[in-house]
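If you're wondering where the values come from, they're calculated on a predicted model, not measured in any experiment. Each ligand, and each atom within it, is numbered from 1 in the order the structure gives.
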Amino acid sequence: MTIEDNHMSTNGKYRILFVCLGNICRSPAAQGIFQSIVDRAGESDGFEVDSAGTYSGHQGDLPDRRMREAAASRGYVLSHRARPVTSMDFLDFDLIVAMDDNNYADLMHLAPSVESSRKIKRMAGYLTGHSISYIPDPYYMGRDGFELVLDLLENACTNLFRSITEDGNGTCPVR
Ligand code: 4NP
């Protein structure tokens, strides 16, 4: 039994929302990476994957060109359009994953109930083999920053997917 088991939405899909500040770098990359893992595992029918930002200034924008290019070189096509987090997201999604501590604090503040606040997790909590406790904002970094973020997100998304699909009893809560 995983933490995530308790929050299955009624349509049978497990719904995950990735959240960062602008929704143009980290969270759309996490969305694309996680969707790719889901698709490769043949679990596309079992998941709904989305992303949003705590800041609305980039609403409607494609992901940052630097992130799209870095992601494309790893085979991820990022076509999400930025949108802000809404209060409905806390009802609609089973799991809400924050990229850093500021995103986490903002989400905890926005959560309309204690129950919905329990859906909020830190992305770095799914990292293995890394000592960093957050996904750094690459917006003011160079190319290396974007590559580091993609490395971290690939690791965390793989472990997050496993945490949902492997519950220790060999059963998958999304099937
Ligand atoms: P993100 O990166 O939160 O990973 O999408 C940022 C994008 C834009 C800004 C900050 C961070 N900004 O200040 O416009």
*Can you spot which of Asp101, Asp100, Asn103 makes a side-chain hydrogen bond (donor to acceptor under 3.5 Å, both in side chains) with Arg122?*
Asp101

*Any idea which part of His58 is under 4.0 Å from ligand 1, heavy-atom wise: side chain, backbone, both or neither?*
side chain

_Donor-acceptor side-chain pairing of Asn102 and Asp106 below 3.5 angstrom_ = no

*Could you list which atoms of ligand 1 come closer than 4.0 Å to a heavy atom of Ile24?*
5 (O), 7 (C), 8 (C)

*Only heavy atoms count here, so choose which of Tyr139, Phe146, Tyr140 is nearest to atom 9 (C) of ligand 1.*
Tyr139

*Which atoms form the tightest heavy-atom contact between Pro28 and Leu78, and what is the distance?*
O-CD2, 3.6 Å

*Which residue and non-hydrogen atom of the protein lie closest to atom 2 (O) of ligand 1, and at what distance in Å?*
Asp137 OD1, 3.2 Å

*ligand 1 versus Asp64: contacting region, heavy-atom distance under 4.0 Å*: neither

*Taking both backbone and side-chain atoms of Ser27, is any N or O found less than 3.5 Å from an N or O belonging to ligand 1?*
no

*Charged N-O contact under 4.0 Å between Asp151 and Arg74*: yes

*With a 3.5 Å cut-off and no angle check, do the side chains of Asn23 and His80 form a donor-acceptor pair?*
yes

*With heavy atoms of Cys25 as the reference, note each atom of ligand 1 found under 4.0 Å away.*
1 (P), 2 (O), 4 (O), 5 (O)

_Less than 6.0 angstrom from the centroid, inside 45 degrees of the normal: does Arg66 satisfy that with respect to the ring of Tyr139?_
yes

